[in-house]
**Q** 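Here it is, the structure, as structure tokens.
As the structure lists them, so they are numbered: ligands from 1, and atoms in each ligand from 1. Along the sequence shown, residues are numbered consecutively beginning with 1.
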Amino acid sequence: VAHVTEPDPRRRTPRTDVVLDDPRLEEAVDRLGRERVKESVAAVLARCRDGEIEPDQVVEHVVAALPGSASSLRRVVNATGVLVHTNLGRAPLSAAAVEAVTTAAGATDVELDLATGRRGARGCGALAALAAAVPDAGGVHVVNNGAAALALVACALAAGREVVVARGEMVEIGDGFRIPDLLESVGARLREVGTTNRVRLEDYERAICDDTAFVLKVHPSNFRVEGFTSAVPVGDLTQLPAPVVADIGSGLLAPHPRLPDEPDAATALRAGATLVTASGDKLLGGPQCGLLLGDAQLVGRLRRFPLARAVRVDKLTLAALEATLTGPPPPVVAALDLRRPELKARAERLADLIGHDLAVAVDSEAAVGGGGAPGVTLPSAAVALPHRLAEPLRLGELPVLGHVSDDRLLLDLMTVPPDQDVAIAAAVADAVRRSGG
Ligand SMILES: *Cc1c(COP(=O)(O)O)cnc(C)c1O
């Protein structure tokens, strides 16, 4: 009797197009595109040729290897206690903003007046909502981000001229980008006044000359200087014979009782600032964008300036911004209303769900983060877990990001939408399982 040998796996390996046409991959091809699925098929077939995978298991392996969506960006749970987390995309959008983005994603009337059938003012709904939210602004405009707003102002007003700015306000925004470099990159010259810790109105007065384009007041939004310090408020700067541009950074449109030291657009404009610039995805809680608010004629000029076209926002941003301004409070704003007792009660319930062998509810301190309210802590509550779970939780199907403090992993609930608590409990159970109990 002839000995039956295993046939050569290379000869038993199915062909790529045969696998791709398998009905079990049809949905994936629709969702991810044929090319993306083909890459996974090729990788699995290579393992099949090596004899690692049986030919009849190929499709199962391809399905398991395929990503959930065509983008590599994953949904994660921000349990860091940092409301505006730069590495996690800053402000999460409200459900209303997400809905608006989805609607605008197709063909949309962003630049068409449906009533007349003629060209309409681009993004007029979002701009009207912004104007209504900041009645002190004579004119409003929206660009790609806060840095673009500043670059546009500097380029339009100060190319080849001087911007007077306090030394203590020469801020690095993050990732190595610095506001002074940004201004110089569009041709403005900086005229620094004062010292690192102190500046007086006379310092500004002495610096102003015929070449002064504007005085820039920058909110040091990511650090705090304590001790022997002084700065000049916007209201005093407006006595100077030059326009004042206030970069408030975080995008608060009006004062917030919980963030008394955080500058806001309405207050800066009422104090006499000619123009205010801010980000849309920090404390405003909206999409990434840059707001320009202030003198109507100046804003009109900026809107028509050539660089404005290069920093123009897309329809998705306009849609999300309008919904953020007119809809229910976005997550960042809602989080600022949360108090420790309700968060602690939630943390107790979540600890019950996870199991008290692992989890305990504790007090914690949340923060605004991401360029806003430096040094402000917000009393919050968290679930404390063994810190060894930090990595498996980060690597799970639904990555959960907490922060390690005193050798424990804290999952802070101020930054977590309440409807995610059950998913967190499941993610913890999964992380425990994968890390060997
Ligand atoms: C965040 C910030 C910026 C930069 O805004 P982006 O939207 O990140 O471009 C500029 N100035 C200040 C004071 C900021 O806080």
**Q** Between ligand 1 and the protein, find all N/O pairs closer than 3.5 Å and give the distance for each.
**A**
unit_1: ligand 1; atom_1: 5 (O); unit_2: S279; atom_2: OG; d: 2.9
unit_1: ligand 1; atom_1: 7 (O); unit_2: R90; atom_2: NH1; d: 3.4
unit_1: ligand 1; atom_1: 7 (O); unit_2: G146; atom_2: N; d: 2.8
unit_1: ligand 1; atom_1: 7 (O); unit_2: S279; atom_2: OG; d: 2.7
unit_1: ligand 1; atom_1: 8 (O); unit_2: R90; atom_2: NH1; d: 3.0
unit_1: ligand 1; atom_1: 8 (O); unit_2: R90; atom_2: NH2; d: 2.8
unit_1: ligand 1; atom_1: 9 (O); unit_2: G146; atom_2: N; d: 3.2
unit_1: ligand 1; atom_1: 9 (O); unit_2: A147; atom_2: N; d: 2.8
unit_1: ligand 1; atom_1: 11 (N); unit_2: D247; atom_2: OD1; d: 3.4
unit_1: ligand 1; atom_1: 11 (N); unit_2: D247; atom_2: OD2; d: 2.5
unit_1: ligand 1; atom_1: 15 (O); unit_2: S221; atom_2: OG; d: 2.5
unit_1: ligand 1; atom_1: 15 (O); unit_2: K282; atom_2: NZ; d: 2.7

**Q** Under the salt bridge (Lys or Arg N to Asp or Glu O under 4.0 Å) test, which residues partner R301, sequence neighbours left out?
**A**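 Testing R301 for salt bridge (Lys or Arg N to Asp or Glu O under 4.0 Å), a comparison that skips the adjacent residues, returns none.
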**Q** Between D211 and R191, is the closest basic N to carboxylate O distance under 4.0 Å?
**A**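 Salt bridge flag = no for D211 with R191.
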**Q** Quick one: are L183 and V165 in side-chain contact, heavy atoms under 4.5 Å?
**A**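 Not touching, per the 4.5 Å side-chain cut-off.
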**Q** Report the residue from L298, D295, T274 that forms a side-chain contact (heavy atoms from CB on, under 4.5 Å) with P243.
**A**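 Of L298, D295, T274, side-chain contact (heavy atoms from CB on, under 4.5 Å) with P243 is met by T274 alone.
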**Q** Any chance the side chains of T267 and D264 put a donor and an acceptor closer than 3.5 Å?
**A**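 Yes, because at least one side-chain N or O of T267 sits under 3.5 Å from a partner of the opposite role on D264.
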**Q** If you apply the rule side-chain hydrogen bond (donor to acceptor under 3.5 Å, both in side chains), what do you find for D281 with S279, and how did you get there?
**A** CA-CA 6 Å; D281 54 353; S279 300; 4.5 Å; no
